[in-house]
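Before any comments, here is the structure.
Hydrogens, waters and symmetry mates play no part in the numbers below; they use all other heavy atoms, side chains included. Per chain, numbering begins at 1; letters A, B, ... match sequence-line order.
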Amino acid sequence: MLSIKGLKVKLEDEDKQILKGVDLEIEAGKVHAIMGPNGSGKSTLSYVLSGKDGYEVTGGEASLEGVDLLDMEPEERAAAGLFLAFQYPVEIPGVGNMTFLRTAVNAQRKARGEEEMTAAEFLKVVRARAKELKIDADMLKRPVNVGFSGGEKKRNEILQMAMLEPKMCILDETDSGLDVDAMKLVAEGVNALRTEGRGFLVITHYQRLLDHIKPDVVHIMADGRIIKTGGPELALEVENNGYADILAEVA
Amino acid sequence: MAEAAVKQTPTDAMIATLDMPQGGWSDAARRDALARVQAMGLPGRRDEYWKYTRPDTLVQAQAVPAALRDGDDTVLFDAVDRLKIVFVDGVFDANASDDLTLEGITIERLADATSDLHWGRDLYGVLENNGQNPVPRPLAALNTAFAADGVLIHVTGKPSKPVNIIYRRTSTTADAMLHHCIKLDAGAELTLLENGPVAARFNGVLEVEVADKAAFHHVRAQGRDHEQRAATHIFARLGTESTFKSFTLTANGVMTRNDCVIELTGDDAAAHVAGACVGDGRDFHHDDTVFITHDAVNCESRQVFKKVLRNGATGVFQGKILVKEGAQKTDGYQISQSLLLDDDSQFLAKPELEIYADDVACSHGSTSGAIDEDALFYLRSRGVPHSTATDLLTLAFLAEAVLEVEDEDLREEVTGRLASWLERHAA
């Protein structure tokens, strides 16, 4: 599904190498988690994959189902099936959540040569999905993320994911700023979207999210590289011993 | 002759090209106004109030011709049930207009209203004259002196539908001066719509007297005329518990100066003036100049102006709130913002507060900025193409001004017009 080979990335404006050769293969139907200390390059990886400005790829490649991602505009990557749930969802005053969702869904459909959803059709689907995520009608009407609590913002990310039905989902620190109940709700939303054909990359600091979204594979990232890969037990090891042991072991 | 022409001032040169309508109730007002123009002189580049906007093309004797374009838009307000008053090249067209009778309202053509007992005598040029102090507005006085046409609307009740003044242009050289007067009696209500291309050059004055507990809503669109040069003036006086709300949509045109002068003279009155402007190209120059005087207790005023400028366009905002002595509990709000879509475009703002009362709340703010890159990326990461995302964010920027249009249907029409303009002028 998602294939990353030797990916090297530096900041565009600074002579600072962030990713120093990342290799990662995520298969359809699997959930991979990346854990790692602050500044290891986890969020950069998610931004570079989704096409944010400010980064320069200096080596390696990344593809989704064999299609080169790095040459595409962000909207083309989205239409190709990539989705990033933001660590900090952006507030957009003046743009209604519903308008935003419908514009996004239909833009992707159009880009893929599919028929656009009618207003009625869209409304029906969005209401059903929103209900599952305990998103009320008021939240749908309000401007995108404006005045939303931390939990509401993250649920709104998952709602977008549910509406856009991507092939490959990247969740960047989706647990940050959430209390236990909110995290459970978000995790349920994600789990509902786990299907045979869909891949997940869950980026997190803490093991606790992985209690709710159970990963198949866990990677430890440090200093711009993946330094260790294992099963779910690796996350528990981090939880119990921190990153120090693993970093020492690799060094 | 040639020698005399050299010595002639621009004001004289302009006046020499104009014919003053003679006789009737407006005669004295016109002669007074002419004296005012001659005393003030037409605006020049050195005038403080024309610091950011070159008056040259507005004051020169001959209007610069403006090409006619086929309408590339649908016509605004077509779906609205309204009473249509049509002006073609600045002249009232009875055939194109609706029957001017409507319950609660009397409509007359300025050019026809000659009775000496006319109510217009107490309004025509009166608010314009009040508005000359402390800042002179000579083009408005010129208009009072020479305007040959316009409408006089006396609102005595609550008419069942809005009045729509529609402008059409068939000539590339039409140089039009129109003067409208609207008098709302106590408790009366009117919604006035204005749209369409007026003339190659347009000088407009709208005087509105809003009596106690009366409400006036005004929505106008200055668009569909890509080369028009216009100086428009609104003068309004508000009585106790009255409401005045005016919204202007500007797209296209090369030179537009919109003056708005409002006096709050009765307690508990509210005046809202707003504008949404989209401008493209180095030739585009748009100037909103607003002066609101609070001269009563517990009045509210709002100024909300948003401009989207691209490809070297220029936007100007000069907004002033004057709170006179004794105008306590004044609530004054003023915001002017521009969204600059490139480095060549510019926005010049001069917000002013002058306050002589000690129990007031006045705020003002002015900003210039580019599209929010984080918001743009967020939208694009969801599959929204760059141009669509830019348009969405641009409309969102304009939304605060458009929200000043109270009527939801009218608001949607305005938003739709802005959206289609953005689509046509894709970056």
Could you check whether atom CD of A:E196 has more than 12 heavy atoms from other residues, nucleotides or ligands sitting under 6.0 Å from it?
no
(request) Evaluate whether atom CZ of A:F122 has more than 12 neighbouring non-hydrogen atoms of other residues, nucleotides or ligands under 6.0 angstrom away. (result) yes
Query raised in the report: Counting only heavy atoms not in A:K141, do more than 12 fall under 6.0 Å of its NZ?
Result: no
Between B:P385 and A:A107, the two heavy atoms sitting closest are CD-CB, 3.7 Å
Next item on the list: Could you tell me whether a side-chain N or O of A:E75 sits under 3.5 Å from a main-chain N or O of B:H386, the two making a donor and an acceptor?
Entry: yes
Assert top hit (heavy-atom pairs under 4.5 Å, partner chain A, pool B:E373, B:R380, B:R382) equals B:R382
Could you verify whether a donor N or O on one side chain and an acceptor N or O on the other, from A:N145 and B:Y378, lie under 3.5 Å apart? yes
Heavy-atom distance under 4.5 Å between the side chains of A:F83 and B:S381, does that happen here? no
Heavy-atom count check: over 12 atoms from other residues, nucleotides or ligands less than 6.0 Å from A:R127 CZ?
no
Interatomic distance, CG@B:L392 vs CD1@A:I92, rounded to 0.5 Å, equals 8.0 Å
Margin query: Atom CG of residue position A:D138 - does it have more than 12 heavy atoms of other residues, nucleotides or ligands inside 6.0 Å?
Written below: yes
Discussion item. Does any part of the side chain of B:L379, heavy atoms only, come nearer than 4.5 Å to the side chain of A:F100, both counted from C-beta?
Written reply: yes
Query raised in the report: Should the heavy atoms of other residues, nucleotides or ligands under 6.0 Å from NZ of A:K8 be counted, would the total exceed 12?
Result: no
Bottom line for A:V105: the part with an atom under 4.5 Å from chain B's heavy atoms is neither
Scanning both residues in full, the closest heavy-atom pair of A:A104 with B:V384 reads CA-CG2, 3.8 Å
Bottom line for A:P143: the part with an atom under 4.5 Å from chain B's heavy atoms is neither
Comparing A:G51, A:P166, A:P74 against chain B, the one with the most heavy-atom pairs below 4.5 Å turns out to be A:P74
Max heavy-atom pairs within cutoff under 4.5 Å with chain B, candidates A:T103, A:V90, A:D53, goes to A:V90
Q. Does a side-chain heavy-atom distance below 4.5 Å link A:P93 with B:F397?
A. no
Exercise. With a 4.5 Å heavy-atom cut-off, do B:D374 and A:E91 have their side chains touching?
Worked result: no
